[in-house]
A.B. asks: 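Encoded as structure tokens, here's the structure I'll be asking about.
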Number of protein chains: 2
Amino acid sequence: MQVTAGGVTSPRGFRAAGVYAGIKAAGRGLDVAVVASEAPCTAAAMFTRNLVKAAPVLWSQRLLALGKPVRAVVANSGNANACTGQRGLEDAVHMGEAVAEALGVGADEVLVASTGVIGVPLPMERLTRGIADACQQLSVSPEAGAAAAEAIRTTDTFAKTGAVTVELDGCRVTLGGMAKGSGMIHPNMATMLAFITTDAAISRECLEAALRESVIDSYNQITVDGDTSTNDTVVVLANGLAGNPQICGRGPAYERFKEALHELNVHLAKQIARDGEGATKLLEVSVRGARDTEGARRLARAVVASNLVKAAMFGADANWGRVLAALGNAGVAFQPEHVRIQFVSAAGRVHVMEDGEPLPFDEDVARRVLSEPEILVHVDLGDGAAEARAWGCDLTYEYVRINGEYRS
Amino acid sequence: MQVTAGGVTSPRGFRAAGVYAGIKAAGRGLDVAVVASEAPCTAAAMFTRNLVKAAPVLWSQRLLALGKPVRAVVANSGNANACTGQRGLEDAVHMGEAVAEALGVGADEVLVASTGVIGVPLPMERLTRGIADACQQLSVSPEAGAAAAEAIRTTDTFAKTGAVTVELDGCRVTLGGMAKGSGMIHPNMATMLAFITTDAAISRECLEAALRESVIDSYNQITVDGDTSTNDTVVVLANGLAGNPQICGRGPAYERFKEALHELNVHLAKQIARDGEGATKLLEVSVRGARDTEGARRLARAVVASNLVKAAMFGADANWGRVLAALGNAGVAFQPEHVRIQFVSAAGRVHVMEDGEPLPFDEDVARRVLSEPEILVHVDLGDGAAEARAWGCDLTYEYVRINGEYRS
């Protein structure tokens, strides 16, 4: 199953737009995105588990709890509408209302997301004007999908998009997506947003289950600096226009849909990890031979989140000791004397630990392997059959510069 | 209760020495420390919770489980004797035997610790010669205590020592200590070692309880990069030579002893935090108004461990959003709308959040406050009466340089 170029307008019946409304400083790119479906959508979403939740998260959660169909999503960058009190909640509602008015749908059919600085009220006049503009420009073109993806960027260095097509019961079903990663603009926090559209016909229960199961092994397995934001949101909208028999229970069609969704989510998640602040390398940690999958996930995350491992990867240092220490700190039982560790990249493979004891290796080869832009840290625990992956990036001077720079 | 200059030789009956045995490269300072008591000691210790434990940790744990008196501790820097298999265990035993032979005590009366590179066997010939030298040079002088503190340093930029004196039931009781922090030498991991000596007479149960209760709010509340090592060890030896009535239960004498021990531990822990790799600032996070103490501890640790907070402190950026997000990520319930956040230093105080909403503040004042070498982040949750503190340091270019530098 191949992820191809494409985005939120790839599935049938989805239009999108990205415009500049003046939320960000001029020259920083588009800042308002709208994605709308010509047919009502089944929706599923997952939100930040941070106890401090931004107004748009609270509002979208409330809408989804109603269980009604969704027609559109509106998102702005440049301002997270977080820590903005009662006014922030009202502004989130007004964002949805502005879309509803322009599209002639209900205000309770529009999900809302924001990303950017926190603690500052939204400039609602400019924003509602921008939303109206965006709604006028909605288009099914790939360019419109790309513009929407541009408009949710903060300090992301590139827009993150992709699409997947699958045959379900003889029907061609498409999924498209866009995401933004942990770029920051002072003085805010890393926010992860992902929006997936699909023309699949699928019940809400199945869509929710597929999203939940996929997020565990995609967005929840990436880490840039271990902090999750007040605004993190993943939304899937399914409008059923592919005409496939509705997926309403587990079975081959569900599994195939879930696989497609997961491929797309992993694709977007890896792009987010690769574009971590200051990152020069994508790190993938693969843990095999674990006793259970949850343990494997935690171990993989612990390695990819370790500052010591991240800094070693920046320095192209085959430092197995830091990998082993991170594993040992994960709070997951395993037998150190069974551990095998390898570093792998396009330039080759370095086998650094076998049965818990270090192996001699050629430092020059190791440096070449670790100087590639994509590094796989392969851990085999030799304890069982479970496995998991996690993604992140190296820790660089640039990360410190971006995040340590005084806000003025 | 004041922590004063002093160290492991400050209490009666403790001798110490630090020598150069050639474990570290020449010019990197002393590398073997021995601390010995003229009378048998009650001992208590806590060890790393990393699943991967170095040989000296495994051996010292085994000795302590026997419950016998302890006469001495031997520690080397430059080599952690970790991931060294069966040979590593034998080498740890031999280190203790070398001390036992020189001092005429039992090999099961000597605790062992190591710190430095991992995965490399100890150079036992040089090390045993160094241990013999150290045992010959043992002295009660302050200089001998200082030499021992020097000898456990790896990349610590200064030796960490201190002493406290208290009156217990009319007797003058002294505690002295030395510690080393999370310095690294390639390719090893951060190791925290602390050795406390005291002439107090105290039962093993009370000594263990006092240490356990103190460690929770001292060493366990510091973080440099969130990783704990294979070798972390805290040992307390009590030889009873102060002549105080033995502390064998809770009561005023126990409480006073525990307070003294805790002051010394916090003093050493803060020195470790201040000397974090590449650190330019000591950060203290104080969480008050929490519902329970464990929650307060976790919240304080979450803030001081956040890369985003640490980088903001490096940049003298009064970024309350990152503090709030770190609190929200700690997995502890609190009410965001009650939160108050202040940044405090010798240069003044900046009140940045009240009742969960940002306050306007003077950016120039904030920058002055945050440019000091010691920063207090003061959080009041307004939810209860529990409180806790945690300590750490800023995240700097130098951290990345030290940890990203290729090992060759």
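Throughout, a chain's letter reflects where its sequence line sits, starting with A, and its residues are numbered from 1. It should be emphasised that the depicted structure is a prediction, and the values quoted were computed from it without experimental measurement.
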A.B. asks: So does A:Asp364 pair up with A:Arg368, basic N to acidic O under 4.0 Å?
C.D. replies: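 No, this pair does not count.
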A.B. asks: Heavy atoms only, distances under 4.5 angstrom: which of A:Pro336, A:Gly328, A:Pro358, A:Ala312 has the most pairs with chain B? Name it, please.
C.D. replies: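 With the most close heavy-atom pairs to chain B, the winner is A:Gly328.
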A.B. asks: Could you tell me which portion of B:Ala330 (side chain, backbone, both or neither) has an atom closer than 4.5 angstrom to a non-hydrogen atom of chain A?
C.D. replies: neither
A.B. asks: By side-chain hydrogen bond (donor to acceptor under 3.5 Å, both in side chains), which residues pair with B:Gln61, not counting sequence neighbours?
C.D. replies: none
A.B. asks: Check whether B:Val339 gets within reach of chain A through its side chain, its backbone, both or neither, counting any heavy atom under 4.5 Å.
C.D. replies: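 No part of B:Val339 comes within 4.5 Å of chain A.
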A.B. asks: Assess whether a salt bridge exists between A:Glu398 and A:Arg401, defined as any Lys/Arg side-chain N lying under 4.0 Å from an Asp/Glu carboxylate O.
C.D. replies: yes
A.B. asks: Between A:Asp383 and A:Arg291, is there a side-chain N and carboxylate O pair less than 4.0 Å apart?
C.D. replies: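 Salt bridge present between A:Asp383 and A:Arg291.
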